[in-house]
Structure formats: structure tokens, C-alpha cells
S.K.: 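Please find one structure pasted underneath; my questions will follow.
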There are 2 protein chains.
Amino acid sequence: MRRFISHKTINLISKTTTSTVSSSSPNSPSLSPNSPLASLLRFFSTFHPSSMASDYSTTPITIDNINPKVLKCEYAVRGEIVSIAQTLQQNLKDNPGSHPFDEILYCNIGNPQSLAQQPITFFREVLALCDHPSILDKIETQGLFSADAIERAFQILEQIPGRATGAYSHSQGIKGLRDTIASGMKARDGFPADPNDLFLTDGASPAVHMMMQLLIRSENDGILCPIPQYPLYSASIALHGGTLVPYYLDEQTGWGLEISELEHQLKTAKSKGIDVRALVVINPGNPTGQVLGEANQREIVEFCKKEGLVLLADEVYQENVYVPDKKFHSFKKISRSMGYGETDISLVSFQSVSKGFYGECGKRGGYMEVTGFSPEVREQIYKLASVNLCSNISGQILASLIMSPPKVGDESYESFSAEKEAILSSLARRAKTLEDALNSLEGVTCNRAEGAMYLFPCINLPDKAIKAAEEAKTAPDAFYAKHLLNATGIVVVPGSGFRQVPGTWHFRCTILPQEEKIPAIVSRLTEFHKKFMDEFRG
Amino acid sequence: MRRFISHKTINLISKTTTSTVSSSSPNSPSLSPNSPLASLLRFFSTFHPSSMASDYSTTPITIDNINPKVLKCEYAVRGEIVSIAQTLQQNLKDNPGSHPFDEILYCNIGNPQSLAQQPITFFREVLALCDHPSILDKIETQGLFSADAIERAFQILEQIPGRATGAYSHSQGIKGLRDTIASGMKARDGFPADPNDLFLTDGASPAVHMMMQLLIRSENDGILCPIPQYPLYSASIALHGGTLVPYYLDEQTGWGLEISELEHQLKTAKSKGIDVRALVVINPGNPTGQVLGEANQREIVEFCKKEGLVLLADEVYQENVYVPDKKFHSFKKISRSMGYGETDISLVSFQSVSKGFYGECGKRGGYMEVTGFSPEVREQIYKLASVNLCSNISGQILASLIMSPPKVGDESYESFSAEKEAILSSLARRAKTLEDALNSLEGVTCNRAEGAMYLFPCINLPDKAIKAAEEAKTAPDAFYAKHLLNATGIVVVPGSGFRQVPGTWHFRCTILPQEEKIPAIVSRLTEFHKKFMDEFRG
């Protein structure tokens with residue numbers, strides 16, 4: 001019988017049903033699920049599921065009718081190049097020798113532990129003990145864990161109501177841990193921090209989203225962002241429907257941040273009717289690796305104050321500074337040292353456990369310090385934090401640990417300092433080696449990685465390469481990056497993913513591969529680049 | 001001299017500066033930060049910081065100009081009542097005896113470990129070992145941890161590339177852990193699950209937000225939600241600018257979900273020009289505690305299929321069923337058993353480590369299974385997940401553990417089963433005791449808590465109480481809840497926070513306080529209610 005029920009018949013039945021429902025007044029009973037008609041409908045639909053749609057049916061979800069803001073959002077750091085790399089990696093596993101390289105070298109993302117960097121022992125000891133506190137009193141534990149890690153775990157558990165590491169915490173994070181973080185910030189800055197200003201989050205990304213959500217009302221609201229920028233910002237602004245107002249960092253002066261450029265871009269945006277609400281500054285820079293000078297930071301604070309802009313300070317690389325002539329200063333310290341307090345400037349600082357020398361990306365710990373907003377606005381930020389209840393407790397504990405590491409005299413102090421120093425000095429050496437190697441390539445110039453984890457060299461691509469990229473319908477730097485990947489297994493992110501001065505081409509390369517692999521990276525890159533230029537020089 | 005500089009003077013200077021900047025062409029140099037005028041400006045602004053604003057300055061952030069969607073969003077579970085409770089708790093600490101009770105009894109939120117429920121030992125053993133893998137090979141570890149926990153930790157580490165628990169994972173979560181979860185789902189449902197359909201998230205909340213973000217384009221897009229509902233849904237829909245299309249659960253039939261009501265509300269919404277995109281079903285129910293019957297679930301699947309609606313199935317309480325006559329069935333199992341596959345229905349199921357018998361809220365682990373979307377749409381979901389890089393790895397590990405607990409023959413099996421059984425049977429007893437107590441109160445009726453962690457009694461409040469609440473500018477059920485809190489220290493959430501049939505009043509009370517405290521809660525509540533009714537009966 002089944003084959004004799006035509007689609008037409010079913011549509012007819014479907015329409016009949018619809019009109020039955022449609023004709024009922026809002027308060028009269030609708031089609032009963034037990035009515036004969038409804039049963040018939042279910043019977044038919046079992047056989048011809050895809051043909052059932054009533055008149056008042058909704059549009060099925062397709063790529064053409066999802067939220068256009070989602071479509072608009074881009075996130076290059078995990079884009080096409082990485083997908084190709086994953087395929088190549090699988091190829092190498094399935095067919096060793098199938099490519100001219102034997103491993104994929106991921107230089108695309110600031111993810112140190114994925115490249116064999118070991119976690120800081122003290123941090124992991126404390127986390128393990130907090131995860132399983134019932135071993136704290138056992139004698140074997142003393143043989144496995146350092147005394148100060150055990151003591152610290154006890155202290156942290158005391159700070160957690162009911163010692164419950166498995167409970168939702170206060171929406172801003174456990175108060176005792178926020179106290180510890182605030183003390184660490186005071187020690188860093190010389191100015192007090194209020195634990196009530198801290199919002200602990202699952203990494204810094206949700207904190208950035210929360211601020212964008214608060215500030216952006218429509219596409220008429222603008223956020224000043226550095227170009228090049230970390231694509232979280234462009235993605236978050238796109239997702240919240242705002243406008244990214246670019247300001248260009250000056251590559252000639254080591255990615256300098258010029259106030260005149262901020263003023264110019266602000267004015268231009270205003271003239272287009274954009275209500276600019278905030279300025280994003282990434283210091284140390286991502287992808288650009290520069291560390292701002294103190295005087296420059298003062299100018300930036302002055303500018304935000306004068307223009308009534310919220311200063312969104314991405315300070316997640318505060319512990320990653322590699323050159324002796326530069327030092328990290330928080331914008332909080334700068335603004336307070338200028339005499340500016342709560343009522344003078346709205347300042348949000350983002351910090352993360354994913355970066356630093358510890359690089360605990362997988363733990364998703366982080367926080368923001370929110371100052372200079374009215375109590376009413378603060379309450380709204382609190383509400384936003386509450387909708388997701390709280391960030392993960394291990395991440396919260398780790399955020400407190402990075403701001404209160406072992407001190408002189410603690411059992412772990414020496415081993416901790418040795419681990420920290422080994423990582424930071426190695427990163428500095430790797431940065432310098434890669435920087436020198438890049439600068440030795442034809443048509444490539446590369447600023448210093450003063451801080452953060454990246455180099456962002458400029459590649460002067462030959463016209464023939466640009467033309468070939470056009471033909472391949474890809475950006476020239478993506479074209480270069482794909483060729484690099486296919487020839488060497490080295491994964492970098494095309495500069496176009498971070499935006500750049502139109503007509504210039506870059507890529508971002510992390511300084512994170514293991515130090516013993518750096519020479520191979522340098523030689524493979526050098527060889528590839530020579531061949532690429534020979535091929536496309538024209 | 002300072003006092004002689006009038007605000008007028010400064011404004012004049014400010015305007016001069018502005019016109020200097022304004023008159024420059026976009027490409028000409030703007031006001032140099034080192035110009036004498038700029039220095040003068042900084043000099044003045046140090047003294048009169050709040051008076052500085054150029055003509056093209058932006059509007060400072062106030063409660064009146066933040067994103068109105070944020071203002072519109074409500075989240076009662078952490079609302080006013082909880083703030084009062086926290087103040088009272090502090091009072092009790094500072095001045096013991098200052099209130100007619102000696103402790104605050106939090107019945108407002110599904111947070112079992114905050115109320116002394118102990119974590120499941122096996123889960124925590126594995127988490128601790130994964131946090132600090134270097135102890136895995138040590139002899140002392142065998143004295144501290146069960147053999148199967150050690151074995152499991154080794155297995156999990158093998159599944160993590162480079163054994164790096166501190167690295168960002170794949171945006172959807174570690175593949176090996178997704179494999180484990182998919183196997184657990186297959187064992188539960190009898191139908192296969194594809195690990196590529198799983199997105200691991202920091203608790204279920206971010207997964208819900210991700211789907212709302214994908215589906216909602218404007219206020220013309222609607223999401224069908226049960227009323228009463230868990231306020232995450234109303235909050236997320238508000239934040240993404242959509243419209244909540246309510247469907248009322250029928251309190252008379254134990255919070256029954258009637259298809260006729262869905263049809264009626266869908267039709268009504270359509271007639272208002274709302275494009276309804278999805279149906280949220282919470283099973284077991286929150287705040288209502290009912291467990292859907294299998295036949296009802298089939299009707300719901302049929303309805304979504306027929307109407308082209310995405311079925312968003314909140315199944316986070318799947319392990320919390322307390323009555324022998326009800327059983328949890330996933331919507332995936334139901335739809336597959338009806339013969340509906342990938343191309344028939346778009347189905348998203350949310351799961352969390354925060355609920356179940358384990359109640360690991362602070363770990364923020366969870367996932368969603370996404371089926372029935374086109375590859376293009378799936379790619380957009382992947383992109384959204386990528387913007388936040390990944391969920392926390394401990395939460396990911398825990399999500400795999402809850403779907404693959406110890407099995408018969410494993411060293412931990414018996415203790416694990418005993419812990420699980422003790423928690424679930426105690427919760428069932430607590431639910432029954434509280435339900436009976438509530439039903440014995442004047443004017444209160446309470447459906448069974450068949451599942452989840454809540455009772456949602458209806459209170460027939462006297463007119464005088466409703467009038468008093470009106471005068472106090474508060475909802476009648478919030479009025480009742482505040483009185484209850486102030487008299488007894490018991491914290492419940494007013495029904496108005498979850499929405500309810502207009503003119504009816506409820507509150508949500510968890511079944512989570514320690515079993516030995518339940519008698520005291522019952523007697524305090526009974527005594528309070530009697531007094532309250534005596535006072536307001538009129």
C-alpha cells in the first residue's frame with residue numbers, strides 16, 4: 001500500500017490538518033494528539049518522513065538562514081591551513097614517507113604544552129591535591145608531593161566554602177582565590193587591587209566576549225582594535241554585531257602604537273556615525289610581539305580618558321618579555337601612577353593561565369579586572385557572569401597560583417625558579433634564532449619578538465606569486481603558507497587572518513617548537529623560501 | 001594657580017584642540033602627542049580630569065547606553081534572594097544569634113557538593129592523576145590510588161596528543177575522549193553515536209548559548225520554551241536578541257507536555273510573524289522535575305519533524321530519576337527507534353557533569369551531540385567552538401568518565417556503585433519527604449519530583465499577601481520567598497524567575513540539603529507557612 005500514497009495526497013492531508021488548527025481560535029483546543037487525524041498523520045509520516053510539512057511549518061535550518069553574524073565571524077588561527085595540516089598528519093601516520101617531511105611542525109598557535117613544554121611541577125601538584133583532597137592526610141602523599149604544595153592545597157581548600165572543589169562558586173570566582181590574585185596584582189603594580197573587581201573566567205576569551213556583549217548594541221557601535229590583531233577580537237565584535245574600527249600599528253617603528261593614528265581613526269569612525277566605545281590594546285602584542293614603552297602607555301591612558309573610551313587591555317603575555325630593554329607595565333599601574341582612579345577611566349585588564357611561562361592552555365583559567373564602571377553597570381557584568389554560573393574551579397585555582405608562585409624559602413622555590421628560567425630563556429633564544437633566520441630571507445623583514453610568543457614577518461611577495469594566488473582564489477600570504485606547509489610540514493597562520501596594511505603580506509609564526517627542532521625549522525624554511533622565490537620571481 | 005582655571009577655559013582649550021584635529025585631512029598628521037598644546041592639555045587634565053572631553057569624544061558607558069539585551073536578560077537563580085541570603089550568612093558569622101536560625105539552608109540551586117555531597121572517589125582519583133601524571137609510575141601512588149584509576153589515567157593520557165593535559169585540544173574536545181563518550185551513548189541508547197557529532201563544552205550552558213547564537217538572527221526568530229523553564233534559556237534568548245515562544249506545561253497532569261499546546265503556541269507565534277526555529281525540551285524537567293513518557297517523546301519528535309523545528313533536548317538530569325515507574329530515554333534513542341535519521345530531524349542533546357549523582361558543578365564539563373544539520377552548518381558550529389579554542393581538559397576527562405564509569409570486575413566497581421546508590425536513594429527519599437511536607441501545607445500542591453533535583457510547588461497565596469507584595473513592589477512568590485528566608489534561613493527561588501501561568505505562584509526548592517537536615521527544613525517550613533497564612537489569610 002505504501003507505494004500508492006503519493007506526496008500530493010500527504011500534502012493534502014497535511015493542509016487539511018493545518019487549516020483545522022488555523023481555524024481554531026487561540027483559546028480553543030488545537031488538534032488533539034489523540035485525534036484520528038493526528039494518528040493518520042503520524043502513520044503516514046512514518047513512511048514518508050521528509051515530505052511532511054504543514055502550511056505553518058518553519059524554514060529548516062540551512063547555511064542561508066543561520067545568524068549572519070556567525071557567518072561573518074572569522075577565526076584564522078584554526079582555519080583552513082590547520083585543517084590541511086591535520087590531514088597531512090594523518091597521511092604521515094597512515095603512509096610514512098608519503099611527504100617530503102616526517103612530522104608536522106605546528107607554529108600556528110600559542111599552545112606550548114602541545115609542543116612538549118612540560119607543566120610547572122608545583123602548579124600541577126597543587127591542582128592534583130585539590131582534585132582529590134582525601135589523600136592530603138596520607139603518609140604516602142608526603143613522599144609524592146612537595147611540602148609547600150601540600151600546605152598550599154590545604155590553604156586553598158580552606159578558602160573554598162565547604163572545601164567543595166566540585167561546587168559552583170560565586171559567579172566572579174571563589175572569594176579567597178580572588179584575594180590571592182589581588183595581592184599578587186598589588187605586588188606586581190605597587191597599587192592595590194580589589195578582589196571585588198575580579199571576574200574569573202574560563203580563559204581570557206569568555207571575558208573578552210562578556211565585555212563586547214556589554215558594550216556593543218548595534219553595528220553603529222565601534223571598538224578600536226590594533227591591526228594586526230588577535231582574531232578573537234574581530235570574531236567577538238562580529239558575533240556581537242559591532243564594528244571593528246581599525247588602527248594600524250607601525251611596522252617601521254617595531255609595531256609602534258601612534259596616538260595620532262588613534263585620533264585619526266576615531267575621527268574617521270565618528271564621521272561615519274560610529275559610536276566608538278572602547279580601545280583594545282594588546283601588550284605584549286599578538287601577533288606582533290612588541291612590548292609597549294611606559295611613555296606610550298601613558299599617552300594611551302590619556303587618550304582613553306580624554307575620549308571617554310573604555311580601555312580593554314589584553315595583558316595575557318605579561319610574563320613573556322624576552323628583551324632586557326623592555327619591561328611589562330600593567331595599564332592599571334600606569335593609570336594609577338598618573339593619578340587616575342575609579343572615576344577617571346574605565347579600564348578592563350585580561351589575564352590568562354594559558355600564556356606566561358606556564359602555558360596552561362588546557363586548564364582554561366583566566367580573569368579580568370574591571371575598574372571605573374558605575375555600580376549599576378558592574379551589576380550587569382555580574383549578571384552576565386552569573387548566567388554561566390562560574391568558571392571551572394581548577395582554572396580558578398591555577399589563576400591564583402600564577403599570581404602567587406612559590407617564594408624564597410619555600411621547598412619548591414628553587415625547582416620552580418629553575419623551571420621558569422629554563423622556559424623563558426629558551427623562548428628568548430628561540431625567538432632570536434627565528435627572527436635572525438627570517439631576516440636573512442630574500443624579501444622578508446621581521447621585527448623583534450620583544451614579548452608574547454610570535455614573530456610576524458613581512459614577506460615582499462613577487463608579482464607572479466600574487467597572480468598565482470589570485471588564480472588559486474586565495475590571499476597571497478595564505479598561498480605562501482600553504483606552499484610552506486606542503487613543502488616542509490611547518491604550519492603558520494597567514495597574516496590576512498590578523499588583518500594587515502592592505503597590499504602587505506605577513507605570516508604569524510610561534511616561537512614555541514622545541515629548541516632542538518629550531519635548526520631544522522630554520523633550514524627547511526630557508527630552503528623552501530629560496531625555492532619559492534626562484535619559482536615566482538618571474 | 002590651580003583654582004583659577006575655570007571649566008570654561010578648559011572646555012575652550014579642548015574645543016581648540018578638537019578643531020585642530022578636525023581640520024586636518026584624514027591623511028595629514030593629527031595633533032602630535034608631543035605638541036605644546038597636547039602637553040598643556042595633559043597638564044590641565046591632571047588637575048581637572050573629569051572635565052576633559054573633546055567635541056568628538058564618545059559617550060561614557062552608563063547603565064543607559066549599554067547593550068539593552070544585557071539589561072533585558074534575567075537570571076533569577078542567582079538573583080536578589082541569594083544576595084539577601086549571603087548578607088544574612090555574613091550577619092550570622094559576625095553576630096551569632098542575630099537571627100531566628102543558625103544557618104542558611106541553600107535550596108536555590110542544583111549544587112550538591114556545596115551542600116556536603118562528596119565527590120565520587122574514582123572520578124577524582126583519575127582527575128588527580130591526569131593533573132600530575134609524573135606520579136603515575138611511583139610506588140607510593142599504588143598505595144594512594146585504586147588500580148583501575150591508575151590504569152584509566154594511563155588510558156586517558158594515551159588518548160591525549162603528547163599526553164599534554166595542559167594543551168588546547170581540538171575545538172570539539174579530545175578525539176579519544178569523544179570516542180569514549182560516543183561508546184557510552186551507544187551503550188545507553190542502543191544506537192550508535194558519532195564522536196564527530198560531539199562538542200565538549202565548559203558545562204552545558206556554553207553549548208546552549210552556541211546553539212542560540214547560531215539560530216537567532218533577530219527578534220523575529222523564536223524559540224519554543226517550556227514554562228516554567230530553567231532561566232538559562234530565557235537569558236540566552238534575550239542575550240541573542242530572539243523571542244521566547246512559551247508553551248505551558250500542564251501542572252494538573254504532573255507538568256505534562258501537550259502537543260496541542262505546542263501546536264497552538266507555534267501557530268500563535270507564526271501569526272505574529274515569528275519564525276520559530278527550535279523547540280527546547282528539558283527532560284527530566286527543571287524546575288518541574290517530571291520525566292517524560294516514551295509515547296510523549298515520540299509525539300514531540302514527530303512534531304519537530306513535521307514542523308521543521310530543531311529539537312534542543314536538555315538531558316542534563318538523565319541520571320536523576322527517582323521513581324520506579326519512569327525511565328529516562330534520550331531523544332536520540334526515541335527518534336532513531338522511530339526510524340528517523342540524520343536527514344529527518346535536527347536534534348541537539350545537552351549533557352553535563354554538573355548534574356547526575358556525581359554533581360561535579362565546579363568542574364564545568366559537558367557536551368552536546370549535534371545531529372541532522374548540513375555539513376555547511378556544522379562547519380559554522382565548529383567555527384563558533386574554535387573562537388573559544390576548547391573547553392577545559394579536566395571537564396573533558398570527567399565528561400568521558402561519567403559516560404564510562406567502572407564496570408563489574410574493576411577494582412573500584414563496588415565502592416563506586418555503593419557511592420552512586422547511596423546518593424541516588426537518599427535523593428529519592430529527600431524528594432519524597434519534601435513533596436509530602438509541601439502537600440500537607442495549606443493552599444500548597446506539589447507534583448512529584450520524578451527526576452532532576454527540584455520540587456516546584458504551587459502556593460495559593462491569600463489576597464492580602466498578594467496586596468502586600470504589590471505594595472512592596474515585588475512578585476507575590478518573591479514576597480513569600482523573602483519572608484521564608486528571613487524567618488527560617490531557607491533559600492528558594494520564586495516561581496516568577498522561571499515564569500509560570502499568570503496568576504499562579506510557585507517556588508523552586510532543591511532536594512539537595514543533607515538528609516539529616518531535611519526534618520529541620522520540614523518543620524521550619526511548616527511552622528513558617530502556618531504563621532504566614534495566619535498573618536495574611538485576612
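Protein chains get the first letters and strands the later ones, always in sequence-line order, with residue 1 at the start of each.
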S.K.: Of the non-hydrogen atoms in A/Ala167 and B/Cys361, which two are nearest, and what is the gap between them?
M.R.: C-CB, 4.2 Å
S.K.: What part of B/Ser169 gets within 4.5 angstrom of chain A, counting heavy atoms only: side chain, backbone, both, or neither?
M.R.: backbone
S.K.: With a 4.5 angstrom heavy-atom cut-off, could you sort out which part of B/Val70 is near chain A: side chain, backbone, both or neither?
M.R.: both
S.K.: Return the option, out of A/Ile393, A/Leu384, A/Val377, A/Leu389, with the maximum number of heavy-atom pairs under 4.5 Å with chain B.
M.R.: A/Leu389
S.K.: Under a 4.5 Å heavy-atom cut-off, does chain A meet the side chain of B/Ala116, its backbone, both or neither?
M.R.: neither
S.K.: Looking at B/Glu74, B/Gln118, B/Glu360, B/Gln117, which one has more heavy-atom pairs under 4.5 Å with chain A than the rest?
M.R.: B/Glu360
S.K.: Quick check on B/Ile109 against chain A: is it the side chain, the backbone, both or neither that has a heavy atom closer than 4.5 Å?
M.R.: side chain
S.K.: Let me know if A/Ile139 has heavy atoms under 4.5 Å from chain B in its side chain, its backbone, both or neither.
M.R.: neither
S.K.: Judged by atom type as modelled, is there a donor-acceptor pair below 3.5 Å linking the side chain of B/Lys383 to the main-chain atoms of A/Cys73?
M.R.: yes
S.K.: Under the criterion side chain to side chain donor-acceptor pair (under 3.5 Å), I'd like the reasoning laid out for B/Arg124 against A/Ser134: C-alpha separation, chi angles, the key distance, then a yes or no.
M.R.: CA-CA 10 Å; B/Arg124 291 305 191 95; A/Ser134 55; over 6 Å; no
S.K.: For B/Ile160, is it the side chain, the backbone, both, or neither that has a heavy atom closer than 4.5 Å to a heavy atom of chain A?
M.R.: neither
S.K.: So, the side chain of B/Lys69 versus the backbone of A/Gln213: is there a donor-acceptor pair under 3.5 Å, distance only?
M.R.: no
S.K.: Please state whether the side chain, the backbone, both or neither of B/Phe145 comes within less than 4.5 Å of a heavy atom of chain A.
M.R.: side chain
S.K.: Give me the atom names and distance for the closest heavy-atom approach of B/Tyr168 to A/Gly110.
M.R.: CE1-O, 3.6 Å
S.K.: Hydrogens and angles aside, do A/Arg217 and B/Asn65 bring a side-chain donor and acceptor to less than 3.5 Å of each other?
M.R.: no
S.K.: Heavy atoms only, distances under 4.5 angstrom: which of B/Gly166, B/Pro375, B/Pro112 has the most pairs with chain A? Name it, please.
M.R.: B/Gly166
S.K.: How close do B/Arg277 and A/Ile66 get, counting heavy atoms only, and between which atoms?
M.R.: NH1-CA, 4.1 Å
S.K.: Identify which of A/Leu398, A/Val387, A/Ile135 forms the greatest number of heavy-atom pairs closer than 4.5 Å to chain B.
M.R.: A/Val387
S.K.: Pick one of side chain, backbone, both or neither for B/Leu239, based on which atoms fall under 4.5 Å of a heavy atom in chain A.
M.R.: both
S.K.: Please check this pair: side chain of B/Asn392 against backbone of A/Lys363, looking for a donor-acceptor N/O pair closer than 3.5 Å.
M.R.: no
S.K.: Inspect the surroundings of CD in B/Glu376 and state if more than 12 heavy atoms from other residues, nucleotides or ligands are less than 6.0 Å away.
M.R.: yes
S.K.: Please find the pair of heavy atoms, one from A/Ala128 and one from B/His132, that lie closest to each other, and give the distance.
M.R.: CB-CB, 3.7 Å
S.K.: Side chains of B/Thr62 and A/Ser374: closer than 4.5 Å at any heavy-atom pair?
M.R.: no
S.K.: Please check: side-chain N/O of B/Arg364 versus main-chain N/O of A/Ser391, any donor-acceptor pairing under 3.5 Å?
M.R.: no
S.K.: Can you say whether B/Ser171 sits under 4.5 Å from chain A via the side chain, the backbone, both, or neither, judging by heavy atoms?
M.R.: both
S.K.: Looking at B/Leu144, B/Val310, B/Val353, which one has more heavy-atom pairs under 4.5 Å with chain A than the rest?
M.R.: B/Leu144
S.K.: Heavy-atom distance under 4.5 Å to chain A: side chain of B/Leu127, backbone, both or neither?
M.R.: both
S.K.: Would you please say whether a donor-acceptor pair under 3.5 Å links the side chains of A/His209 and B/Asn388?
M.R.: yes
S.K.: Closer than 3.5 angstrom, by distance alone: can the side chain of A/Asn67 be matched with the main-chain N or O of B/Ile216 as a donor-acceptor pair?
M.R.: yes
